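The structure appears right after this line, and notes come after that.
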Amino acid sequence: MTTSPYRTKAPQFTQCNRSCQRYLFQTLWKEGYYPDVAYKIGKYEVDIAFPYSKVAIECGWNKWEMTDIYLAQSRRKERLLREQGWQLIHLSPKEIYGNPKLCIQKIEHGMSAIKRVF
């Protein structure tokens, strides 16, 4: 019996740092998407990534929980990712828990918006 390479990604939800990240990963998994968790891009790490589509998802904090330091680090990370051709999608816990289907639509839109040149 041959196992699918996607089966090896199932336990990755254990690498999720926050419950909203874990919930989004499991929702994506159920919908047939197999992202990477805690994906390294340069010196930064993104919560969830689709490396072949160059789409990174940050399961961030709610806006009122952000500090100035976190915001400055986030802007540096976003600038670096965009320079390398990545699209960054920020999703708050309120969005993830409130409407996961809309979050998946945002991710799908991000993946389809990337124009590949070969």
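Nothing here was measured: the structure is a model prediction, and the numbers come from that model.
Legend: residues meeting salt bridge (Lys or Arg N to Asp or Glu O under 4.0 Å) with E31, ordered by chain and number and at least two apart, are K101. Y97 is linked by a side chain to side chain contact (heavy atoms under 4.5 Å, CB included) to S19, C20, Y23, P93, counting only residues two or more places apart in sequence or in another chain.
Between W86 and A49, the shortest heavy-atom contact is CZ3-CB, 4.1 Å. Of all non-hydrogen atoms in R82 and Q87, the two that sit nearest each other are NH1-CA, 4.4 Å.
H109 places none of its side-chain heavy atoms less than 4.5 Å from the side chain of I89. Under the 4.5 Å side-chain criterion, counting only non-hydrogen atoms from C-beta, L91 is in contact with I107. K77 is listed as a side-chain neighbour of E58, based on a closest heavy-atom distance under 4.5 Å. Residues F50 and I57 have side chains in contact (heavy-atom distance under 4.5 Å, counting atoms from C-beta outward). Side chains of I48 and Y33 form no contact here, defined as non-hydrogen atoms less than 4.5 Å apart.
For the atom pair K106 NZ and M111 CE, the distance stands at 15.0 Å (nearest 0.5 Å). The line from SG of C103 to CD of E108 is 11.5 Å long, rounded to the nearest 0.5 Å. Considering CG of L81 and CD1 of I41, their distance stands at 4.5 Å, rounded to 0.5 Å. K54 NZ to Q84 CD: the interatomic distance, rounded to the nearest 0.5 Å, is 6.5 Å.
For residues 42-53, the pairs satisfying salt bridge (Lys or Arg N to Asp or Glu O under 4.0 Å) are R18-D47, with sequence neighbours left out.
Hydrophobic cluster membership differs between L80 and V46, with clusters built from Ile, Leu, Val, Met, Phe, Trp and Tyr side chains linked at under 4.5 angstrom. In terms of hydrophobic clustering, with Ile, Leu, Val, Met, Phe, Trp and Tyr side chains grouped at heavy-atom distances under 4.5 Å, Y44 and L88 are assigned to different clusters.
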